[in-house]
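These figures come from a predicted structure and were not determined experimentally. Values below: all heavy atoms of this structure, side chains included; hydrogens, waters and symmetry mates excluded. By convention in this document, chain letters (A, B, ...) are assigned in the order of the sequence lines, proteins followed by strands, and residues within each chain are numbered from 1.
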Protein chains: 2
Amino acid sequence: MRRTLKESKKAPERRRNPLSGGKSSGAKPSARSASQKTKRLPFEQRRKLIVRKAAEFFAESGFAATTRELADHLGTTQPLLYKYFKTKKDLVDEVYKSVFLDVWDDSWDDLLIDRSRPVEERLVEFYARYTDVIMNRGWMRIYLFAGLRDVGITSSYIRLLEERIIRRIAVEICTFCGIELTTDNESHYIEIAWSLQGSIFYYGVRKYAYGLSPRTDKDFVIRNIVGIYVKAWPHEMVVTSPPRSVQLL
Amino acid sequence: MRRTLKESKKAPERRRNPLSGGKSSGAKPSARSASQKTKRLPFEQRRKLIVRKAAEFFAESGFAATTRELADHLGTTQPLLYKYFKTKKDLVDEVYKSVFLDVWDDSWDDLLIDRSRPVEERLVEFYARYTDVIMNRGWMRIYLFAGLRDVGITSSYIRLLEERIIRRIAVEICTFCGIELTTDNESHYIEIAWSLQGSIFYYGVRKYAYGLSPRTDKDFVIRNIVGIYVKAWPHEMVVTSPPRSVQLL
DNA sequence: CTGTGTCGTTATCGATTGATCAATTAAAAA
DNA sequence: TTTTTAATTGATCAATCGATAACGACACAG
């Protein structure tokens, strides 16, 4: 409607440059330095740049932050944003998409069900690759911000995760352990698989979203936690009985 | 300075009424219904009421929400807030305190180190009681909001948690498993204990903070996860070696 | 070099924000 | 009851919000 879908010329797109400067000597409170003029860019290129920088910016300040501060982060002016997005909400939705959908790797599915390799090895490699994508300050914080503000986007991401990852993990470990999945016990085992996910995820929250520094590195945590779950994957579900004292392994 | 610390008369304080109406027929956009007049309250009582209602309100809308909406939630007017708190930030800090410090239960420490009982039983009971406090929509969401906005308060809460809970859990399970804690392996075992915490915590995030509904109940998750960690608590740390395929338990 | 379409900016609007203050009124003290 | 004290409110301010419109300037086709 507003634009004839120029589709530009697939220019040599600058790929992933999360820590670019943007504003150099920006001591001024609101306006960008007069000496630094804004480079003129083709429509699609500018639009993508805005989404990328907006993701960086909203990750730090939350989606309640102002469009003017975002423009400062971009090195441009605030009304420019409204040439590319009708409302602030439209821009936020675009940031959601770029964070939750565009980074999804379809090869994760195949990796998880490749039964020519041991489950534990598959799981360790999957979580190593998965966390390479999500365990950074930007992704982690946007995930948390989105979950608190928009149940919708987080809900559908969690559904996606459960269908394609969590459920698969439960199936693979159960198969490895010789456990038959039934409609009765399925949700229980999925919940156990979720708790494996949660233990790894919360490590990322502490380290990246909150900027605290656990003493050990990501790969150590993944290897040990996966090892624990595969080794002690429950054969029968403890549902109502009181906690029995455990016999030492 | 502003007030002579009246300390009121310890009136029969209304205790914990998280789901009160506040505004009844509030279809009006900004002002409260004229028929419903604000009850006049002693200083400390009103102050505590404001903090409690503010916690409810900020949990839903985030700390960026407006003081006017908060006043609506309270059933009073917006300027009233500034008779009790100098700035909005002061009120927010008070909410932090009421959520993170005032609910801490000192008996948790003793429960965890009571070696007359089996570790697994102690852990299950601790997490049952701990999650009774934190696993509700209000606490969970405020914890997440605070972590994203104020690293300070979350950082100190996590330190408190590590010193008094996580470290103790690591020590107790290691003792039970006959593992000697040294300065070399201590941080590794604390990290494993953190992952136990994380797996239970993330269950709460999904269910309460995001309002999703895991299919199984809290106690089931706690019993099974604690069982897994106690059973498979690693005797030697996997640090650099590639994942070995595991021998079935 | 000159027009022309488009990217970017300046200026500004109405609504809303946190915060202040004098006026009001209900509760406690006399 | 009358007086005193303090809790509550309506009115309002300066700053800031998202969003719009009109103008300016750079690139490119001819």
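Using modelled atom types, one finds a donor on one side chain and an acceptor on the other under 3.5 Å when comparing A:Tyr127 with A:Gln197.
Listed nucleotides C:dT10, D:dT8, D:dA19 differ in distance to A:Thr87; the shortest reach to its side chain belongs to D:dA19. Of all nucleotides listed (C:dC7, D:dG10, C:dA11), C:dA11 comes nearest to the side chain of A:Pro79.
As a whole-Å value, the separation of B:Lys83 NZ from C:dA22 P is 10 Å. Going from atom CZ of A:Arg47 over to atom P of C:dC7 covers 13 Å, rounded to whole Å. Straight-line distance from the CG atom of B:Leu41 to the C1' atom of C:dA26: 12 Å, rounded to whole Å. Atom CD of A:Gln78 is separated from atom P of C:dA11 by 14 Å (rounded to the nearest Å). Separating the CD atom of B:Glu44 from the P atom of D:dA6 is a distance of 14 Å, rounded to the nearest angstrom. Rounded to whole angstrom, the span from the CG atom of B:Leu91 across to the C1' atom of C:dT17 amounts to 16 Å. Distance CZ (B:Phe63) to P (C:dG18): 14 Å, rounded to an integer number of Å. Counting to the nearest Å, the C1' atom of D:dT20 and the CG atom of A:Leu81 are 14 Å from each other.
Distances shown here put a side-chain N or O of A:Thr66 below 4.0 Å from the OP1 or OP2 atom of D:dC17. In this structure, A:Thr67 reaches the D:dG18 phosphate: one of its side-chain N or O atoms is under 4.0 Å from OP1 or OP2. For the pair A:Tyr82 and D:dA19, the criterion of a side-chain N or O lying under 4.0 Å from OP1 or OP2 is met. Contact annotation: A:Tyr84 reaches the phosphate of C:dG8 (side-chain N/O to OP1 or OP2, under 4.0 Å). Using a 4.0 Å cut-off, no side-chain N or O of B:Thr76 falls inside it from OP1 or OP2 of D:dT8. OP1 or OP2 of C:dG8 sits under 4.0 Å from a side-chain N or O of A:Arg46.
At a threshold of 4.0 angstrom between heavy atoms, the contacts of A:Ala64 with the nucleic acid are absent.
Residues meeting the side chain to side chain donor-acceptor pair (under 3.5 Å) test with B:Glu125, sequence neighbours left out: B:Arg117, B:Arg129. In terms of the ring-ring contact (aromatic ring centres under 6.0 Å, His included) criterion, residue partners of B:Tyr96 (sequence neighbours excluded) are, by chain and number, B:Phe63.
Side-chain atoms of B:Arg141 come within 3.5 Å of backbone N or O of A:Leu148 as a donor-acceptor pair.
Comparing B:Lys88 and A:Arg40 against DNA chain C, the residue whose closest nucleotide sits nearer the 5' end is A:Arg40.
Between the side chain of A:Arg68 and the base of D:dT16, no donor-acceptor pair under 3.5 Å is found.
Using a 4.0 Å cut-off between charged side-chain N and carboxylate O, A:Lys89 and A:Asp93 make a salt bridge.
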